[in-house]
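Below is one structure, written out as structure tokens; the observations come after it.
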Amino acid sequence: MTQQRQPENQLETEVIGDDLSENTTLDVIISPLGYITELSDTVDSMDGITTEVIDIINEADGTNIELTIIDEPTEQPHIHQVDRFVEIKGIGPKVAELLIQAGIRQFSELAETPVERIRELLSAAGSHYRIYDPATWPEQAKQLADSKPKPLNASTTNSFR
């Protein structure tokens with residue numbers, strides 16, 4: 001944080017952080033105790049890829065959190081959508097993330113995944129994942145996939161004619 005002094009007849013201004021580009025918004029929150037929290041949000045696009053960087057700096061406890069979100073277009077429609085696996089009994093956020101990292105992103109994909117393959121994924125993730133029993137996960141996923149509205153595409157719209 002830098003501070004610039006102005007001549008006495010002008011107000012004192014404070015410059016916070018780096019120079020901001022036109023793609024950046026900056027929110028500064030000052031607590032009643034005078035602690036400063038900066039929230040900057042920068043969005044850039046190049047070659048069809050959008051990158052957003054959210055930076056949170058808290059002067060009170062010295063924390064600095066930077067979150068980077070990269071949105072890359074794909075030729076496969078709806079690939080960016082990920083089903084909420086935590087809706088399945090026995091799956092929590094960490095197991096859901098494990099499934100997504102393994103390329104299982106939809107209920108329909110989990111429904112087609114053999115239980116033994118899911119056990120292999122859990123085992124490879126570490127011994128603390130041994131407590132999970134995926135025996136019913138594909139069936140629960142199938143039920144959720146069947147109850148989920150399907151996106152419209154050319155083949156489904158032609159069937160209505």
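Computation of the quantities below employed the complete heavy-atom set of this structure, encompassing side-chain atoms and omitting hydrogens, waters and symmetry-equivalent molecules.
Two residues are said to be in side-chain contact when any heavy atoms from C-beta on lie closer than 4.5 Å; Asp55 and Ile65 fail this criterion. Residues Pro134 and Leu122 have side chains in contact (heavy-atom distance under 4.5 Å, counting atoms from C-beta outward). A 4.5 Å side-chain heavy-atom check between Asp83 and Leu144 finds every atom pair outside the cut-off. Using a 4.5 Å heavy-atom cutoff, the side chains of Glu66 and Val53 are in contact.
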*asked:* Walk me through whether Ile57 and Thr63 qualify under side-chain contact (heavy atoms from CB on, under 4.5 Å).
replied: CA-CA 6 Å; Ile57 302 170; Thr63 56; over 6 Å; no
*Could you check Ile104 against Leu121 for side-chain contact (heavy atoms from CB on, under 4.5 Å), going step by step and ending with a plain yes or no?*
CA-CA 11 Å; Ile104 303 169; Leu121 292 171; 4.0 Å; yes
Output side-chain donor-acceptor pairs under 3.5 Å for residues 87-97, partner residues at least two apart or in another chain, one line each.
unit_1, atom_1, unit_2, atom_2, d
Glu97, OE2, Gln101, NE2, 3.4

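Listed for the Glu109 side chain is a donor-acceptor partner under 3.5 Å among the backbone atoms of Gln106.
Criterion: ILVMFWY side-chain heavy atoms under 4.5 Å apart, direct or through other members. Under it, Phe85 and Ile131 are part of a common hydrophobic cluster. Cluster annotation: Leu110 and Ile100 are assigned to the same hydrophobic cluster (Ile/Leu/Val/Met/Phe/Trp/Tyr, side-chain heavy-atom contacts under 4.5 Å, transitive).
How far OG1 of Thr113 is from CH2 of Trp137: 11.5 Å, rounded to the nearest 0.5 Å. Rounded to the nearest 0.5 Å, atoms CZ (Phe107) and CD (Gln143) are 11.5 Å apart.
Taking every heavy atom of both residues into account, Ala141 and Ala111 meet most closely at CB-N, 3.8 Å. Contact between Ala145 and Ser108 at its shortest, heavy atoms only, is CB-N, 3.7 Å.
Grouping Ile, Leu, Val, Met, Phe, Trp and Tyr residues whose side-chain heavy atoms lie under 4.5 Å apart, directly or via other members, places Tyr35 in a hydrophobic cluster with Leu33.
Residue pairs meeting the salt bridge (charged side-chain N to carboxylate O under 4.0 Å, His left out) criterion with at least one partner in residues 117-134, sequence neighbours excluded, are Arg117-Glu120, Arg119-Asp133.
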